[in-house]
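Contents: one structure, followed by commentary.
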Amino acid sequence: MKQAIAQVTLVVQNYDKAIEFYTKKLGFNLVDDIALEGGKRWVTVSPPSLSGLSLLLAEATNEEQRKAVGNQSGGRVFLFLHTDNFWRDYKRMKEQGVTFNEDPREEPYGTVVVFKDLYGNLWDLIERK
């Protein structure tokens, strides 16, 4: 049996603002933006590397979902963006106004820095050793 995680849902406040952040500030590709019934949309974005994993951007539709926006992992790093060139991507993201929580650091597993998405979810940008 062959299996893979293909998508992770990320609850957002607004489809269009989320698309703009992920495509303009992080350089992701907009894979799908399909209108569904009831004003919903099927919106997926992914890094340009075509890693096979994409984010499904799901606009919050009730109070419980709105509470999860920006805190899907209880304040811990939620997602990990691997890169083949840390300093290139760090510089580009910084120029695009991405908020970093710390200075880049060297760890046994690679070069890493924590950043926030537009809603406050924490990410690691990592170049593995």
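It should be emphasised that the depicted structure is a prediction, and the values quoted were computed from it without experimental measurement. Any value given below was found using the heavy atoms of this structure, including those in side chains, with hydrogens, waters and symmetry copies removed.
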| What residues, two or more places apart in sequence or in another chain, satisfy ring pair (Phe, Tyr, Trp, His ring centres under 6.0 Å) together with Phe86? | Tyr90

For the atom pair [atom1] ([X]) and [atom2] ([Y]), what is the distance rounded to the nearest 0.5 Å?
X	Y	atom1	atom2	value
Asn85	Thr111	CG	OG1	10.0 Å
Leu56	Asp32	CG	CG	9.0 Å
Leu125	Asp89	CG	CG	6.0 Å

Evaluate the side-chain proximity of [Y] to [X]: yes if any heavy-atom separation is below 4.5 Å, no if none is.
X	Y	result
Glu63	Arg66	yes
Leu118	Lys25	no
Met93	Val113	no
Leu122	Arg76	no
Arg88	Glu127	no
Tyr119	Asn14	yes
Gln72	Leu79	no
Phe28	Ser46	no

| said: Run Lys67 and Glu64 through salt bridge (Lys or Arg N to Asp or Glu O under 4.0 Å) and show every step you take. | reply: CA-CA 5 Å; Lys67 287 179 184 177; Glu64 184 177 355; over 6 Å; no

Would you list the atom pairs, donor with acceptor, under 3.5 Å between side chains in residues 5-13 and any protein atom, with sequence neighbours excluded?
residue: Gln7; atom: NE2; partner: Ser54; partner atom: OG; Å: 3.4

| task | Assign the ring pair Phe115 / Trp123 to parallel, tilted or perpendicular, where the plane angle (0 to 90°) is split at 30° and 60°. | result | parallel

| task | Write out all pairs satisfying ring-ring contact (aromatic ring centres under 6.0 Å, His included) with one or both partners inside residues 58-79, taking only residues at least two apart or from two chains. | result | none

| said: Check this for me: Trp42, atom CH2, are more than 12 non-hydrogen atoms of other residues, nucleotides or ligands nearer than 6.0 Å? | reply: no

| Expected output: side-chain Glu59 to main-chain Tyr15 donor-acceptor under 3.5 Å | yes

